[in-house]
Amino acid sequence: MINLIEKTKGEIASVIKRGVEKAGLAEFGAPIEIEKPRDEGHGDFSTNIAMRLAKPAKSNPRALAEKLIGEFETEGTVIESVETAGPGFINFTLKPERLYEVMKVIEDEGEDYGRVNIGGGKKTMVEFISSNPTGPMHVGNARGGAIGDCLASILDYAGYDVTREFYVNDAGNQIERFGMSLEARYYQLIGRDVEFPEDGYHGEDITQLMRDYIAECGDADRDAPDLKEKLVAYGLEKNIRCIKDTMKDFGIDYDVWFLESDLHKSGEVKAAVKELIDKGWTYEKDGAIWLKSSEFYCTKDDEEAKDDVLVRSNGIPTYFAADIAYHRNKFVTRGFDTVIDVWGADHHGHTIRMKGAMDAIGIDPERLRFVLMQLVRLIRGGEVVKVSKRTGKAVTLNELLDDIGADAVRFFFNMRQPASHFDCDLDLAVSKTSDNPVYYVQYAHARMCSILKMLEAEGVSVPKFSEVNCALLATAQEKALLKKLEEFPQEITDAALSYEPSKITRYAIDLASAFHTFYNADRVKVDDKELLRARLLLVNSARLALKSTLRVLGVTAPEKM
RNA sequence: GCGCCAGUAGCUCAGCUGGAUAGAGCAUCUGCCUUCUAAGCAGAGGGUCGGGGGUUCGAGUCCCUCCUGGCGCGCCA
């Protein structure tokens, strides 16, 4: 639970604060900002406080910086030395011992290294994928799954009480269409000449479902009045089970599978609509009930306000109404503090409406957050593959998992920011080339384990931090690796605050790279017993940190490759 | 038309939310395996940060404007 970077920044900040006070510059209220300089020559941390104070204090930044340095009391702190540089930066160099502290932290925290507590145990939901159970999951769902599951792990590491949820859209028009498609295929299979609905699901999976149904139940239901309902129930049950199996293969463990149909059955959809009516946020037009959405978000003054239908003129509530009820359930019934929905960017219009609706029922819209992902474009043979669920030509998630494995899919789909467009080159993804960075990272872990195992076999085990002369770790590569190790808790913090799993993927690559560099530059198995022990501790620290990182990503950490 | 996302090396992308000389990977060249895993490492070349204005000590980052691509603006979900 210790973030050394945060801790160090805090110490430096208080030194600066006292210095500013002693110099009589506190009245200007300049914020104290501390950052890690990009350039190694600029110390371990730096501040721009002198430049911030220059204007209000009517002085020049360099002179101010010198003055401030004179006031700094660094005795007994982590600070080794302070100097001014450039246009007026103040650079801090830390004491050498500080560099090794991370190994002590890792020794204490083990494979949980990286956990921080910025969440304070707040109840947080991450809802992701949430597709129609009308067919197999496709590649587009893969990105949502990888991002959502990894984001949930990050928030867990950051100290939030996280729930992973899958919203099963087993109601509404798409299900109606699903039913019509099943029924048509059923009749065709038993030899009745019926036309297949134009807007039905044309996929082979629909036909297969009906083949299975007939094989299991025969055709005794051919004239039953509730045939379609029976077929839908059969199809949904089978498809949802299939989705659950796929998620298992994907390595995603949902806490809750929430059925949209339950919201209708329990009366929550009606209740949500009633609440909006009672609060005066609706009106009737053309026989439908409308929500005054336009009251809740700004549009251009001269733009025509756009409201949304809650209940159609035929009395059936819209998906929007169901979704309001669903989110009301999340916040009010189940008491989540924050809800994060991972949606495709094509749902963007819906996010604004949802926030407005939350506002209407008295929930702070800020508690509802969205991660919008640009849709995945598939490239095969250098050409864009059209993804269409209806024509059934989409590449399924199962195929992708079979081809390149869950590890690669999860890693690959978390390498880019969700908001960026993602071209998934199937030829590359399907071929097991070493281009895939997941191997690079896993290889680093396997190498670490290999060293430990070999030395263990020779009777040399990993020493305790207190038994090691850390100062022996002094090469550039060792220092770089130690610095990379201490960044992990900060990366978790940043990723959690910005909902950005790709930061952790990149961190994993950076950490692996720092290790590979160290491995090639510095031999662990050396004659000098003291140095051997120090390096062994370093390797074990790196192993634990990398294992923890891979756990957040949901990628396995192989001990040999 | 309005809104959202994106535009950084030949390609794919980072850039710590305004800091110091813009960084990785792939690709292209050059080196490194009789010693802990070469699925690895070291080095080299490669840039009008889409264009143009502005804000300030300082802009890839903030504001305005234009250009290009993707998506959204349904009694679909």
Side-chain angles (χ1 to χ4, degrees), chain A residues 5 33 35-39 41-42 46 48 51-52 54-55 60-61 85-89 91 130-132 169 171-175 177 199 260 285-290 299-300 302-304 306 308-314 316-320 322-323 344-353 372-375 377 415-423 425 428 432-444 446-455 458 477 487 490-491 494 497-498 502-503 506 509-510 512-513 515-521 523-526 535 539 560-561:
Chain A
I5 291 178
E33 291 174 3
E35 60 179 20
K36 287 188 95 166
R38 212 173 1 220
D39 191 326
H42 295 146
S46 74
N48 59 2
M51 289 180 285
R52 288 224 110 112
K55 201 170 190 184
N60 84 72
F89 288 101
N91 296 337
S130 299
S131 66
N132 273 310
N169 299 132
N173 270 352
Q174 302 296 334
I175 298 302
R177 211 181 279 175
D199 59 349
E260 183 187 347
K285 194 179 83 179
D286 305 331
I289 299 174
W290 296 68
T299 49
K300 294 278 183 210
D302 52 352
E303 273 294 306
E304 197 178 328
K306 279 186 178 163
D308 301 288
V309 172
L310 290 174
V311 182
R312 300 186 185 92
S313 51
N314 62 9
I316 298 173
T318 59
Y319 174 82
F320 182 42
D323 223 10
D346 55 337
H347 285 62
H348 166 257
H350 194 51
T351 64
I352 299 162
R353 283 199 292 276
L372 293 183
M373 313 168 291
Q374 290 294 334
L375 297 181
R377 233 171 28 151
M415 288 207 304
R416 289 169 186 76
Q417 299 178 14
S420 64
H421 299 264
F422 183 26
D423 287 350
D425 186 335
L428 180 72
K432 280 188 177 172
T433 68
S434 57
D435 291 342
N436 199 328
V438 70
Y439 294 120
Y440 179 84
V441 175
Q442 289 181 319
Y443 184 54
R447 263 187 164 173
M448 295 166 182
C449 292
S450 171
I451 294 172
L452 296 173
K453 200 179 291 174
M454 178 201 61
L455 288 169
E458 295 180 13
Q477 291 79 8
E487 286 173 16
Q490 188 60 44
E491 292 289 342
D494 292 346
L497 292 176
S498 59
S502 65
K503 284 183 189 294
R506 284 193 297 276
I509 295 172
D510 286 349
S513 177
F515 175 76
H516 284 312
T517 299
F518 157 77
Y519 177 89
N520 277 275
R523 238 185 118 66
V524 177
K525 192 183 169 186
V526 289
R535 286 185 173 162
V539 170
K560 61 179 176 184
M561 287 173 77

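We use all heavy atoms of the structure for the numbers below, so side chains are in, but hydrogens, waters and symmetry mates are not. Here is how names work: the chains are called A, B, and so on, in the same order as the sequence lines, proteins then strands, and each is numbered from 1.
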Side chain [X] and base [N] donor-acceptor under 3.5 Å:
X: A/Ser313; N: B/rC75; result: yes
X: A/Ser513; N: B/rA24; result: no
X: A/Asn91; N: B/rA20; result: yes
X: A/Asp346; N: B/rG72; result: no

Atom pair distance, as rounded to whole Å: [atom1] in [X] and [atom2] in [N]:
X: A/Ile352; N: B/rC71; atom1: CD1; atom2: C1'; result: 12 Å
X: A/Asn173; N: B/rC76; atom1: CG; atom2: C1'; result: 7 Å
X: A/Ile316; N: B/rA77; atom1: CD1; atom2: C1'; result: 14 Å
X: A/Ile509; N: B/rA39; atom1: CD1; atom2: P; result: 18 Å
X: A/Asn520; N: B/rC32; atom1: CG; atom2: P; result: 14 Å
X: A/Arg177; N: B/rA77; atom1: CZ; atom2: C1'; result: 9 Å

Checklist entry - For B/rU35, does the glycosidic angle fall within 90° of 0 (syn) or outside that (anti)? => result anti

Item to check | B/rC33, syn or anti by chi within 90 degrees of zero | outcome: syn

Checklist entry - Is the aromatic ring centre of A/His42 closer than 5.5 Å to the centre of the six-membered base ring of B/rA20, with the two planes inclined by less than 30°? => result yes

Next on the checklist: Can you tell me if A/Phe89 is stacked onto the base of B/rA20, using a 5.5 Å centroid cut-off and an angle below 30°?
Outcome noted: yes

Next on the checklist: Could you go through A/Lys503 and A/Asp494, starting from their C-alpha distance and side-chain angles, then the distance that decides it, and tell me whether this counts as salt bridge (Lys or Arg N to Asp or Glu O under 4.0 Å)?
Outcome noted: CA-CA 8 Å; A/Lys503 284 183 189 294; A/Asp494 292 346; 5.6 Å; no

Can you figure out which of [options] approaches the side chain of [X] most closely?
X: A/Tyr440; options: B/rG15, B/rC5, B/rG40; value: B/rG40
X: A/His348; options: B/rU37, B/rA77, B/rG3; value: B/rG3
X: A/Gln174; options: B/rU37, B/rC76, B/rC5; value: B/rC76
X: A/Tyr443; options: B/rA14, B/rA38, B/rC76; value: B/rA38
X: A/Arg523; options: B/rC57, B/rC36, B/rA14; value: B/rC36
X: A/Thr517; options: B/rC41, B/rU37, B/rA20; value: B/rC41

Checklist entry - Using 30° and 60° as the class limits, which term best fits the ring planes of A/Phe320 and A/His350: parallel, tilted or perpendicular? => result perpendicular

[N] OP1/OP2 closer than 4.0 Å to side-chain N/O of [X]:
X: A/Gln417; N: B/rG15; answer: yes
X: A/Lys503; N: B/rG15; answer: yes
X: A/Arg447; N: B/rU37; answer: no

Item to check | Any donor-acceptor pair under 3.5 Å from A/His516 side chain to A/Tyr443 backbone | outcome: no

Next on the checklist: Counting Watson-Crick and G-U wobble pairs with both distances under 3.5 Å, what is the dot-bracket string for RNA chain B, 5' to 3', using [ ] for crossing pairs and | for pairs to another strand?
Outcome noted: (((((((..((((.....[...)))).(((((.......))))).....(((((..]....))))))))))))....

